[in-house]
Structures are given as C-alpha cells and as structure tokens.
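Here is the structure we will look at.
Here is how names work: the chains are called A, B, and so on, in the same order as the sequence lines, proteins then strands, and each is numbered from 1. The figures here come from the full heavy-atom set of this structure, side chains too, leaving out hydrogens, waters and symmetry mates.
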Amino acid sequence: MLLIDVVRVSEAVTRTSARLGKIGHLAELLGRVGADEAEIAISYLSGELPQRQVGVGWRTLQDLPPAKLAATATLTDVDALLSRIKSVSGQGSQAARRTLVTQLFAGLTTQEQAFMLRLLGGELRQGALDGVMIEAIAKASGAPSADVRRALTLRGWLPAVGAAALAGGVEALRAFKLEVGRAVSPMLAGSAPNIAAALEKAGAPAALEWKLDGVRVQAHRSGDQVRVFTRTLDDITAQVPELVEAVLGLASDDLVLDGEVIALRPDGRPHPFQVTASRASSKTDVPRLRERTPLSVFFFDALRVNGTDLLDLPYSLRQELLAETVIPGLLTPRIVTGDVSEAEKYFTDVIKAGHEGLVVKSLASPYAAGRRGAGWIKVKPRHTLDLVVLAAEWGHGRREGKLSNLHLGARDPESGGFVMLGKTFKGLTDELLTWQTERFLELAEGPADEWTVKLRPELVVEIAFDGVQRSPRYPGGMALRFARVLRYRPDKRAVDADTVETVRSLMF
DNA sequence: TTCCGACAGTGGGGTCGCAAT
DNA sequence: ATTGCGACCCCACTATCGGAA
C-alpha cells in the first residue's frame, strides 16, 4: 500500500468531526490494507510509529528538502527507512540520522511530508488515536470492540492486535493471553474533587489505598527471571534491583504484580517526586545510587499468581490473593469502608504522613486496562494561590490565534517586582481564552520573543496546584506542580497577590 | 430530550542518556 | 565540562460525540 493512501484517509478523518464518520474512514482503509502492511497502517493512523521512537524530534525536522511530485513511497519503504534511522548510534549519528531523514522526506510529496512531520512530531491532530482506532478495527474485522480492547490490554500494542483481528477475526483476538515477561496495559484511575464524590463514583463500600507519589511499576516473574515495566511499558528492570530482589523473595514464582516504587526517607516519609524519578531513571552506577537513595516498592494489585490469571476477578478477590502472595511490608496500605467520615479521616491521615492522596477503588471491578474508568478514582488535596500574569504565549492547534499559556508570578515585597513560578494553560474555557486574549493585548508591553507577549503585571488569577517543587529553571528556585487556572480575580490588584514567602512556606 | 462516559487535544516541570560543542 | 535534543516520569483540564437514561 502507498503512504499516500494512508495520508488521504488521515485527511478525511481530520475533516470529519463525527466520531462514527472517522471510524468509517479508518475501517474502510483497514479493509483494503494487505496483511504485511496492516501493522504499519494501524500504527500511523493511531498516531504512533511501529518503532515507538526513532530519535527524531522537532529540531531534526527543521530544514527539510523540497517535495517530490509523484507519490510513490510504500508503507514498507517508509517503515524500513525509519528502522534504519532508529538504528544509528555513536559518533556522527546525528549527522547520519539527519541524512536519512532528508532522504526520507525527499521521497515524499508535499501532502505526505506534512503528514510525516506531524506523525514524527507526535502531533497527528486528526481527532483519532487508540480509542477511535479500536472501534475501526472492530468494524473492519467484524469482532466486538470489547474483544479488541481486551486483546490490547493483554498485548499492550494495538497494531499487533489490529493485524491479528483483520487476519483472524474474533478468534484471533481471543487467542491473546497474558504472557509473563510481556507488559500488560496498566489500569488507570479517573479523578474526583473529594472523598465523598469518589466514594459515590466507586460505590460504597470501597477500598481506599494510599496514593504514593512514585513511579508505576508492573513486575513479572517466571522462575528466577524478573522483569519490571513502567506505565508506558518500558523495561526498567536494571534500574530497580530492590524490586527485583523483593519479587524473587516471594513464594510464587509465576506472577504479575502491579504497584509503585518510591524513595522513602529513613523516617518513612516520602522524598520529593524528583528524587524517586531520578533514581528510577538512572542507569549508571545503580549500586551506589541504591545505597544512598534506596527504593521501596508497594504492590496494590495482582494480575497473575501461581500461574493463574486474575484480570477478570473482582478487585476484592485479587486483593485476597495479593495478600496471600506478598508479605505485609510490600502491600500498599488500605482500608475498606463505605463511611464518608471515616474515609475523610483516613485521607487526612495519609496527607499528614506526607503522601499524595488516596485512590478509591470499586470492590467489584475487574482489571480493565487502558480506560480511565469508574473502577479507580484518585483524590488529592488542592492548594490555591492568587498570582499575577506576567506574560502569555500564543497557542497552537485549536488554540491558534489565542493567547493561551500564562506565565505566573508571585509578588516579591523586597524588590517590589514579581518572581516567575511557572506556566499554565489548563482550566481555560474557550470563552475565557477569547476574553484573556483581548485583555492581554490591552496590557501588552511588547513581544518578549516570537511566541511570547509580555504584559504589565496587573491581572490577578487564582491558580490551583498540587505542590511546590525545587526548580533549577526559575529564578526563585521553585516551581508549581500541575498548575491550572481556577478563575480570574478582577476584585484583586497585583499588590493583593500572594508573595514569594507564602509560596516558599509551601515547599518541602 | 437530557445526561454523562470516553476520548482527543493542549500543553506543564523535571531528569536522564547521548552526541555535539 | 556544558549544551541541546529526544524521550519519558509525573500530570489537569475542556470540548465533543454518541450512547445511556
């Protein structure tokens, strides 16, 4: 199949706003792609590469060669070149990679170039990714989408699932089994503003588990072999020897467990997330790092124990089997209750202990990966500050032409100025985007650079955030974590904004 | 007819590994 | 040694579609 066939379908999907229409376009193409190119087509049309990453980003994609006139590139051609691009390494690799990227784009038409640019940049923006592609695979193969979804859970990679469905229908999908040593798509949590709302969503009574601010891990063990995967299914076995040893110490030698690794201080309180993340992603001199900053692991689910798959069992049963398999010290602390005030007290206690919050879990739900469904609901406390808008950046995509990303500052009484604490683009409605674009242009002091408009520091905005972290980037040495806009405060002036000292007092 | 679950899009800060400067 | 880039760890929120109620 030619790349241009895929590109045309992608364009049709982009033009179509109805989800069912998108699914129709995608399914039509899946109906005519050859078996040997099905994985590539599914991959591209769900916004990813079969190679996952190839070491090419926005910078490498500057200064591309002129386009060809005739569209002759096949999916196989393009895929082969991308594999070569991925494989280069060592001295001179950047130049070599650039040469191959140039070669790739020189073989494409303008239309194809535009598509590959977005695909490689990770911003397909056609309004269809995995979720829509699942439905398209179901439609094209005649299999129920629930079967596609379940196979994806077990296999962790949609193109392989889609190709199997197109070739062998529902039977091929049902042949996918949990395989020890190959990562499963992890189950994700939705969120709720407070404990009462979360209990209502999950259905009382529910389990309340500590939400630890660490790195999600999935541990597989077959005999003496242990492998550990992250949320995006990357293998981090070598970075977490503590976890490997802990799993090898268990009685069952055929299992898959879900949990979190976190760096704890000697007093048991958690280190800042940055410390855990640094440990979990460092590959060099792990033994020394381990001595200085040991990782602890806490499991909260069991997908397989003693060679038996548990995904379809209710959470409460999986918990029983987990507790029989894992020593108490490796279990995520939890209670089961339907009582709101008891749950709220537990929440207060876990926050006092320095942790992130709670995950409220339905006792009945199976392990349904991928969807941020109703089964698991996280609750975290929320801080707020009144900050001053120092500048704003022009948005992209559907925010094109709107000033979108706000630079936030706290008041510094000593200097009489403002100290930048980070940016945010979250929490803005279309209406607010329109309003703030107009208002910002009135306050504009001129462009700071190509994307940024500097403002007179007059506008006060109420910002919600999860915490204050140490920052190597911002002048105050601190930055807000997960900042989002709650509302503008026209009743306040810049002199009423919160101060740097207030922010500093929130940093741990 | 209204409501709500699921999805895609729009980006945030921090850190590491690797290659180039 | 330092810098730039790509990748991935954590992530919140709104708009929209379409099935459920």
Side-chain angles (χ1 to χ4, degrees), chain A residues 13 16-23 46-47 52-62 88-97 120-135 149 188-191 193 201 212-217 230-234 236 239 260-261 272-284 289 356 370-374 378 380 382 393 395-400 402 404-408 421-433 463-474 478-486:
Chain A
V13 169
T16 309
S17 66
R19 202 128 62 206
L20 293 174
K22 292 177 191 284
I23 291 166
S46 52
R52 284 196 68 181
Q53 76 284 345
V54 295
V56 172
W58 65 275
R59 194 61 232 253
T60 318
L61 296 169
Q62 313 278 316
V88 295
S89 65
Q91 189 119 44
S93 63
Q94 277 185 22
R97 190 176 291 118
L120 285 167
E123 296 175 324
L124 194 53
R125 290 177 174 151
Q126 61 176 15
L129 296 170
D130 267 18
V132 174
M133 181 57 86
I134 285 169
E135 300 298 330
R149 223 169 259 286
L188 304 175
S191 58
K201 269 196 194 179
L212 301 167
D213 193 10
V215 171
R216 181 81 175 265
V217 285
T230 64
R231 197 166 86 77
T232 50
L233 315 189
D234 289 289
I236 56 161
Q239 287 105 289
E260 190 95 357
V261 286
F273 172 73
Q274 285 143 302
V275 175
T276 294
S278 169
R279 235 326 292 276
S281 58
S282 294
K283 295 178 181 180
T284 44
L289 292 174
E356 207 184 359
R371 336 183 75 163
R372 288 182 185 273
K378 61 186 163 187
K380 299 189 282 186
R382 196 186 72 177
E393 298 175 20
H396 301 86
R398 71 185 301 281
R399 292 192 178 186
E400 181 102 50
K402 299 282 166 56
S404 169
N405 200 1
L406 313 182
H407 293 200
L408 304 168
L421 294 170
K423 311 178 188 179
T424 187
F425 55 91
K426 297 171 184 169
L428 299 164
T429 60
D430 288 358
E431 194 185 358
L432 210 47
L433 276 165
I463 297 293
F465 60 100
D466 277 21
V468 181
Q469 55 191 4
R470 200 173 295 283
S471 170
R473 176 184 316 213
Y474 289 110
M478 51 191 182
L480 302 183
R481 188 154 180 228
F482 309 142
R484 60 268 190 190
V485 172
L486 286 183

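- Remark: C1' of B:dG13 and CZ of A:Arg484 are 14 Å apart, rounded to the nearest angstrom.
- Atom-to-atom, CD of A:Glu260 to P of C:dC9 comes out at 12 Å; the value is rounded to the nearest Å.
- Expressed to the nearest 0.5 Å, how far OH of A:Tyr474 lies from CG of A:Leu480 amounts to 9.5 Å.
- Side-chain proximity of A:Ala479 to B:dT15, B:dG13, C:dC9: nearest is B:dG13.
- In this structure, A:Arg398 reaches the sugar-phosphate backbone alone: every heavy-atom distance under 4.0 Å involves primed, P, OP1 or OP2 atoms, never a base.
- For A:Thr60, counting side-chain heavy atoms from C-beta on, the closest listed nucleotide (C:dG18, C:dC5, C:dA12) is C:dC5.
- The partner of C:dA1, taking Watson-Crick or G-U wobble pairs whose two distances both stay under 3.5 Å, is B:dT21.
- Under the side chain to side chain contact (heavy atoms under 4.5 Å, CB included) test applied with A:Ile23, the options A:Val132, A:Ile134, A:Val13 reduce to a single match, A:Val132.
- Following rounding to the nearest Å, A:Leu124 (CG) and B:dA8 (P) show an atom-to-atom distance of 11 Å.
- Taking only side-chain nitrogens and oxygens, A:Trp58 comes nearer than 4.0 Å to OP1 or OP2 of C:dG6.
- Interatomic distance, A:Gln53 CD to A:Thr232 OG1, rounded to the nearest 0.5 Å: 9.5 Å.
- Across all strands shown, A:Ala483 has no heavy atoms under 4.0 Å from either base or sugar-phosphate atoms.
- The interatomic distance linking A:Leu188 (CG) with B:dC7 (P) rounds to 11 Å, in whole Å.
- Contacts of A:Thr424 with the nucleic acid, taken as non-hydrogen atoms under 4.0 Å apart, are absent.
- Of the two residues contacting DNA chain B, namely A:Ser404 and A:Ile134, the nearest-nucleotide position lying further toward the 5' end is that of A:Ile134.
- Along DNA chain B, the nucleotide nearest A:Ala128 and the nucleotide nearest A:Val88 are compared for position; the residue whose nucleotide lies closer to the 5' end is A:Ala128.
- Listed nucleotides B:dG11, C:dG19, C:dA7 differ in distance to A:Gln53; the shortest reach to its side chain belongs to C:dA7.
- An OP1 or OP2 oxygen of B:dC16 is reached within less than 4.0 angstrom by a side-chain nitrogen or oxygen of A:Ser278.
- Comparing C:dC17, B:dG17, C:dC11 by their closest approach to the side chain of A:Thr284 singles out B:dG17.
- Using a 4.0 Å heavy-atom distance criterion, A:Ala464 is classed as making no nucleic acid contact.
- Heavy atoms of A:Val54 sit under 4.0 angstrom from primed sugar atoms or phosphate atoms, though from no base atom.
- Side-chain contact of A:His396 with A:Glu123: a donor-acceptor pair under 3.5 Å is absent, judged by distance alone.
- For the pair A:Gln94 CD and B:dA20 C1', the interatomic distance rounds to 6 Å; values are reported in whole Å.
- Look at A:Asn405 and you'll find a side-chain N or O under 4.0 angstrom from OP1 or OP2 of B:dG12.
- Counting non-hydrogen atoms under 4.0 angstrom, A:Gln126 reaches the backbone sugars and phosphates but no base.
- Map A:Ser17 and A:Asp234 each onto its nearest nucleotide of DNA chain C; the residue landing nearer the 5' end is A:Asp234.
- A:Arg481 forms a cation-pi arrangement with A:Phe273, by the criterion of a distance under 6.0 Å to the ring centre and an angle within 45° of the ring axis.
- The separation between A:Leu432 atom CG and C:dC13 atom C1' is 13 Å, rounded to whole Å.
- Side chain of A:Phe425, nearest nucleotide from B:dG12, B:dC16, B:dG13: B:dG12.
- In this structure, the side chain of A:Lys201 does not engage the main chain of A:Gly190 through any donor-acceptor pair within 3.5 Å.
- The phosphate of C:dC13 has neither OP1 nor OP2 within less than 4.0 Å of any side-chain N or O from A:Arg399.
- Among the heavy atoms of the strands, none lies under 4.0 Å from A:Ala277.
- Not one side-chain nitrogen or oxygen of A:Ser281 sits closer than 4.0 Å to the OP1 or OP2 atom of C:dC9.
- Side-chain N/O atoms of A:Arg52 include none lying less than 4.0 angstrom from OP1 or OP2 on C:dA7.
- When rounded to the nearest whole Å, the span between NZ of A:Lys423 and C1' of B:dG13 equals 10 Å.
- One can place NZ of A:Lys426 at 9 Å from P of B:dG12, the figure rounded to the nearest angstrom.
- Using a 4.0 Å heavy-atom distance criterion, A:Thr276 is classed as making no nucleic acid contact.
- Between A:Val215 and A:Asp430, the one whose closest nucleotide on DNA chain C sits nearer the 5' end is A:Val215.
- Across all strands, A:Ser191 comes closer than 4.0 Å to no nucleic acid atom at all (heavy-atom distances).
- Among the heavy atoms of the strands, none lies under 4.0 Å from A:Lys22.
- Residue A:Ser404 forms a side chain to side chain contact (heavy atoms under 4.5 Å, CB included) with just one option from A:Glu393, A:Arg399, A:Arg398, and that option is A:Arg399.
- The side chain of A:Ser471 places an N or O atom within less than 4.0 Å of a non-bridging phosphate oxygen (OP1 or OP2) of B:dG14.
- Residue-level contact check: A:Val56 touches the backbone only, with heavy atoms under 4.0 Å from sugar-phosphate atoms and none from bases.
- With A:Arg19 contributing its side chain and A:Ser17 its backbone, the two residues share no donor-acceptor pair below 3.5 Å.
- The shortest distance between the side-chain N/O atoms of A:Arg59 and the OP1/OP2 oxygens of C:dC5 is below 4.0 Å.
- Counting only heavy atoms from C-beta on, A:Thr429 has its side chain closest to C:dT14 among C:dC9, B:dG9, C:dT14.
- Residue A:Arg473 places at least one side-chain N or O closer than 4.0 Å to OP1 or OP2 of B:dG14.
- Distance from the side chain of A:Arg231 is smallest for C:dC10 among the nucleotides C:dG18, C:dC10, B:dG12.
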